[in-house]
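Step one of this worksheet: look at the structure below.
All ligand and atom numbering here is 1-based and tracks the order in the structure. Note that this is a predicted model, so its numbers are computed, not measured. In what follows, every heavy atom counts, from backbone to side chain, and hydrogens, waters and symmetry copies are set aside.
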Amino acid sequence: MRDIPIIWSDEKETFNDDNWQKRREQIVNLLCKEEYGFLPPEPVSLASEIIQTDEEFCAGKAPLKKVLLHCTLTNGRLFTMPLTEVIPSGENVPFFVYISFSPNVPDKFLPSEEIADSGFGVLSFYYEDIVSDNSDFNNGLAEILGYKDNSACGKIALWVWAAKRAMDYAQTLPQLDKKHAAVAGHSRLGKTALLAGAFDTRFKYVISNNSGCCGAAISRGKKGERIKNITDVFPYWFKAGFDRYADKETSMPFDQHFLIAASAPRFVYVSSSEDDSWADPQAEAAGCRFASEAWSKSSLKGFVCDDEKIETGKSYHDGNIGYHIKRGKHFLGREDWHHFMKFINTKKN
Ligand code: GTR
């Protein structure tokens, strides 16, 4: 079906961990070159400043802190990003870096108390505090870097850079279990979470909800939103020139399963919504199926699904790619968070 580019060709080399890491880097490089652009350089230093603490948050079970991360860039300029942390008391707390559509904590997509009660911390940041979600590059991180447009990278890559800074900050918090860190996002920020996982191996769990076109969904034969639609409306999410593949999906030397596979052999989680036809749940599940090649080569399981058609309400948690599809529309809800946490708890024990 669909003439899908293969992830690993046995003819070239035998599969082993070292060879896979090399191939993984090639894949990430290809995705940067063709689709998202290259990430800005790592900062030369990062300092954190707690500007507000609410000890009473969640009845005092999980204090909330507002933090500023001051990043000194290689050009000598300072970029400061706000971040909110909610960490339940305890030791070795697994956690999410959550890329948020809102500066509010909690918010409709982020049920802070339930997550804290389940024993997980969250470090979240509001994506437009990094750079605006429009064609203007003369603000935020883009302005400080001197980027005028998307010739180096699109906005998704800039949000990924910020997720990596949140992860840098997490390394300084002794109560967190750094071996069990997840990155999560919804929709355009689900695409961002997948790319963050591809770049940053410190994320053991890479979680994308309803990420659809240019996220987890295979572009070849995709229904709903296609590369033509997305590059017409949101060209600035991507590197300049990605629109050359509009209506020419079959000429791409990759497809979105490469993005999922770039986090192998770690854990990836993809979730769909039944009525999210714009994202195309079948294409998202196909992304998981085709990406599984990267895990099966090292005798791990990727997406374990014996059903020909994914079943709404069922979760598929057996392999290293977890998946579920819920009833309803494009949304990140409590149900999804519970699936994510269950998956992580199963894999970490
Ligand atoms: C849509 C876009 C999708 C999806 C969504 C969102 O308009 O076409 O690719 O990412 O926005 O982020 O809410």
Task: Near ligand 1, at a heavy-atom separation below 4.0 Å: residues by chain and residue number - done: F101, S187, R188, K191, E225, I230, F234, W237, W278, H330

TODO: Go through D168 and K164 one step at a time and tell me if the salt bridge (Lys or Arg N to Asp or Glu O under 4.0 Å) criterion holds.
DONE: CA-CA 6 Å; D168 293 343; K164 288 173 55 98; over 6 Å; no

Open item on the list: What I want to check is whether the side chains of S273 and K326 have a donor and an acceptor closer together than 3.5 Å.
Closed with: yes

- [ ] Check the side chains of N150 and W237 for a donor-acceptor pair under 3.5 angstrom, ignoring hydrogens and angles.
- [x] no

Task: Pair F331 + F109: ring centers closer than 6.0 Å - done: yes

Task: With F120, the side chain to side chain contact (heavy atoms under 4.5 Å, CB included) member among I344, V93, I87 - done: I344

Open item on the list: Please determine whether ring pair (Phe, Tyr, Trp, His ring centres under 6.0 Å) holds for the pair F137 and Y147, giving the CA-CA distance in whole Å, both sets of side-chain angles, and the decisive distance to 0.1 Å.
Closed with: CA-CA 6 Å; F137 277 70; Y147 292 1; 7.6 Å; no

